[in-house]
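A note on names: the letters A, B, ... follow the listed sequences, proteins ahead of strands, and every chain is numbered from 1. These numbers come from a predicted model, not from an experiment.
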There are 2 protein chains.
Amino acid sequence: MSDHADGTADQAASPTTTFSEQNVPLTAEQAANHAQKKPPSKQQARTLERREAVLKAAMSVFGAHGYNKGALVEVAQQAGMTHAGVLHHFGSKEGLLVAVLRYRDGEAVDGVQGMPQVVGPAFLSHLLDTVELNTQQRGVVQTYAVLSAESVTEGHPAQEYFRGRMVGLRAKLVEVIREVVGDGPSEKELNDAASALIAVMDGLQVQWLLDPDAVDMPGTVELVMNEIIERLASGHEAPSARVRATAVLDGRVDGGEH
Amino acid sequence: MSDHADGTADQAASPTTTFSEQNVPLTAEQAANHAQKKPPSKQQARTLERREAVLKAAMSVFGAHGYNKGALVEVAQQAGMTHAGVLHHFGSKEGLLVAVLRYRDGEAVDGVQGMPQVVGPAFLSHLLDTVELNTQQRGVVQTYAVLSAESVTEGHPAQEYFRGRMVGLRAKLVEVIREVVGDGPSEKELNDAASALIAVMDGLQVQWLLDPDAVDMPGTVELVMNEIIERLASGHEAPSARVRATAVLDGRVDGGEH
DNA sequence: TTTAACTTACTGACATGTAAGTAACTGTGC
DNA sequence: GCACAGTTACTTACATGTCAGTAAGTTAAA
């Protein structure tokens, strides 16, 4: 489970998109000003800009090294301040990580609404578009891949975030797939299909990071998505690969029937 | 890419299997003795036992915390010695990690042959069996999931190991799938299928670690494997999920045709 | 004058690796 | 069979480096 878009319209998927100030954690005063449509003061604008710089630097460092080995001094250097300055803004390293994840999600913060999300069958296209975009942003892909796997370790600050994000994404996919294929499949079949789709996207990312030239993420995800949707829509089960493999082994099948 | 069996016969997949001394790194003298079929001395037997204890402890600690945050003092405590004792045996923390990975693989070490590997179409069954076994060994699954994702970070000592292991596994799967489905599919189609299969297994592991009750690893892997093999064997492409989703969105399709 | 955005300096904790020392095992010579 | 030297498996103590977080101070904006 990494950066394969939970539905935020082109937000989570596209780091090249200019981030609006909405996505940078605001102080209560800033949020109040924003809610009242007051233009931010020069200092407030500067603060938002600096925080965004820190968040981007943190993404880069956590992607390159993971959370555990990603040092605040490195984040600070990339953001152009000292590590104590980073802590002034985010309170702690853990607070910084949480802010990075929320920032990437374009998640609602106090007083500011989150980005509108893609819903319905268009979400399948959105996923494919996200995978395509991901091939142009190795940094983001790596950040999510590393952080999501790290998050399963004991006491990792991002564990609840990733668990919640994954549960939410799977639930959303179940609804989307049902809408696309109809009411034929059981709840378990839909759930397994959603899990499989997420798994393919996540699993390909690590392969792609280790061997980019040999892995076609968009093509492979699309193929698997097509197969999964077609099987559910048609109501037919694919024959057992294990049985086929055994038949080939026994010489009863010459490997592929046309 | 985690512990989904690269073909070592029930070795990599089953930590409950009693490990023979073959899998514990031997000194040159021990290897020579073993090669000459000399019974090991009392001290040599004791050393192997202690090293194995350290390796198991290291797997546990690296699984629980990752390599970067997994401390030698923790490994030592679980193994019943001091961290300096661990370093006496393995030279360095990095050396310990490498030994853990080789130990898990049952890899050949000087003077000792590796375990025989599953080849041909039986490998597909072996994969399914491995996924089933993995549901009984959360620790091993977590260790590989965390280490494989960590390995994409800069300078990680296990990066070459996982890259090599993944490339080898994909190549092997390409041959196995070709043998099962025949010569119809192109090389790219076979490669994409192999990548997809590996991705599903790897991707499901992180989901399962975060939400074990909601994810059916064996059932989902089997379904996707069946679909992938059937599509390649039949030579037919599944219709586009994107097109179908758009049709549902436009009201031209009521969601699933039966 | 107050507040916020930093910086500098420091502290405590943690971690890896090394050196010196101890105890136990092994092999050899008598 | 025993003594002794050599080797190995550790332990203890230490050195060094890294890191996150805090306190006090400075500067600029409001």
Side-chain angles (χ1 to χ4, degrees), chain A residues 24-33 38-55 57-58 61-62 65-99 155-157, chain B residues 24-33 38-55 57-58 61-62 65-99 155-157:
Chain A
V24 183
L26 301 165
T27 64
E29 181 185 353
Q30 288 165 338
N33 284 344
K38 278 181 185 175
S41 68
K42 190 175 169 184
Q43 186 176 350
Q44 284 176 327
R46 168 73 172 159
T47 298
L48 287 174
E49 178 196 324
R50 306 293 283 117
R51 285 177 173 228
E52 190 166 339
V54 171
L55 291 170
V61 170
F62 291 156
H65 304 286
Y67 173 75
N68 291 321
K69 199 173 179 184
L72 288 179
V73 65
E74 186 68 31
V75 175
Q77 276 180 328
Q78 286 191 24
M81 65 174 68
T82 66
H83 86 280
V86 172
L87 289 170
H88 165 78
H89 283 288
F90 295 96
S92 64
K93 186 180 183 187
E94 182 170 328
L96 176 63
L97 176 63
V98 169
H156 196 279
Chain B
V24 183
L26 302 166
T27 65
E29 181 184 355
Q30 287 165 339
N33 283 343
K38 278 180 183 175
S41 66
K42 188 175 168 184
Q43 186 177 348
Q44 284 176 326
R46 168 74 173 161
T47 297
L48 288 175
E49 177 195 325
R50 306 291 282 118
R51 282 176 174 230
E52 190 164 341
V54 171
L55 291 171
V61 170
F62 291 156
H65 304 288
Y67 172 75
N68 291 322
K69 201 172 177 182
L72 288 178
V73 65
E74 187 68 32
V75 175
Q77 275 180 328
Q78 287 189 24
M81 65 174 68
T82 66
H83 85 278
V86 171
L87 288 170
H88 166 79
H89 282 286
F90 295 96
S92 65
K93 187 181 183 187
E94 181 170 329
L96 175 63
L97 177 63
V98 170
H156 195 280

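- Every residue two or more places apart in sequence or in another chain was checked for a side-chain hydrogen bond (donor to acceptor under 3.5 Å, both in side chains) with A/Gln77, and none qualifies.
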One character per nucleotide, please: for nucleotides 25-30 of chain D, 5' to 3', B when the base has a protein heavy atom closer than 4.0 Å, S when only the sugar-phosphate does, - otherwise. ----SS
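- With sequence neighbours excluded, the residues that form a side-chain contact (heavy atoms from CB on, under 4.5 Å) with B/Ala79 are B/Val54, B/Ala57.
- In terms of phosphate contacts, A/His88 brings a side-chain nitrogen or oxygen within less than 4.0 Å of OP1 or OP2 of C/dA5.
- Backbone-only engagement by B/Leu72 is indicated by non-hydrogen atom pairs under 4.0 Å involving sugar-phosphate atoms exclusively.
- Among the atoms of the strands shown, only primed sugar atoms or phosphate atoms (P, OP1, OP2) are found under 4.0 Å from some heavy atom of B/Arg50.
- Taking each heavy atom of A/Lys69 and B/Asn68 in turn, the nearest pair found is CD-OD1, 3.4 Å.
- Heavy atoms of other residues, nucleotides or ligands lying less than 6.0 angstrom from NZ of B/Lys93 number more than 12.
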Taking only nitrogen or oxygen atoms into account, show me every contact under 3.5 Å that the protein makes with nucleotides 21-23 of chain C, one pair per line with its distance.
none

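- Taking every heavy atom of residues 73-85 of chain B and every atom of DNA chain D, pairs under 4.0 Å involve B/Met81, B/Thr82, B/Ala84, B/Gly85, by number.
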Show your working on side chain to side chain contact (heavy atoms under 4.5 Å, CB included) between A/Leu96 and A/Leu55 and close with a plain yes or no. CA-CA 8 Å; A/Leu96 176 63; A/Leu55 291 170; 4.2 Å; yes
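- For A/Leu97, the side-chain contact (heavy atoms from CB on, under 4.5 Å) test picks out A/Phe62, A/Tyr67, A/Leu101, A/Leu147, A/His156, A/Pro157, A/Ala158, with sequence neighbours left out.
- Taking B/His89 as the reference, B/Arg51 meet the side-chain hydrogen bond (donor to acceptor under 3.5 Å, both in side chains) condition, with sequence neighbours excluded.
- Heavy atoms of A/Gly70 sit under 4.0 angstrom from primed sugar atoms or phosphate atoms, though from no base atom.
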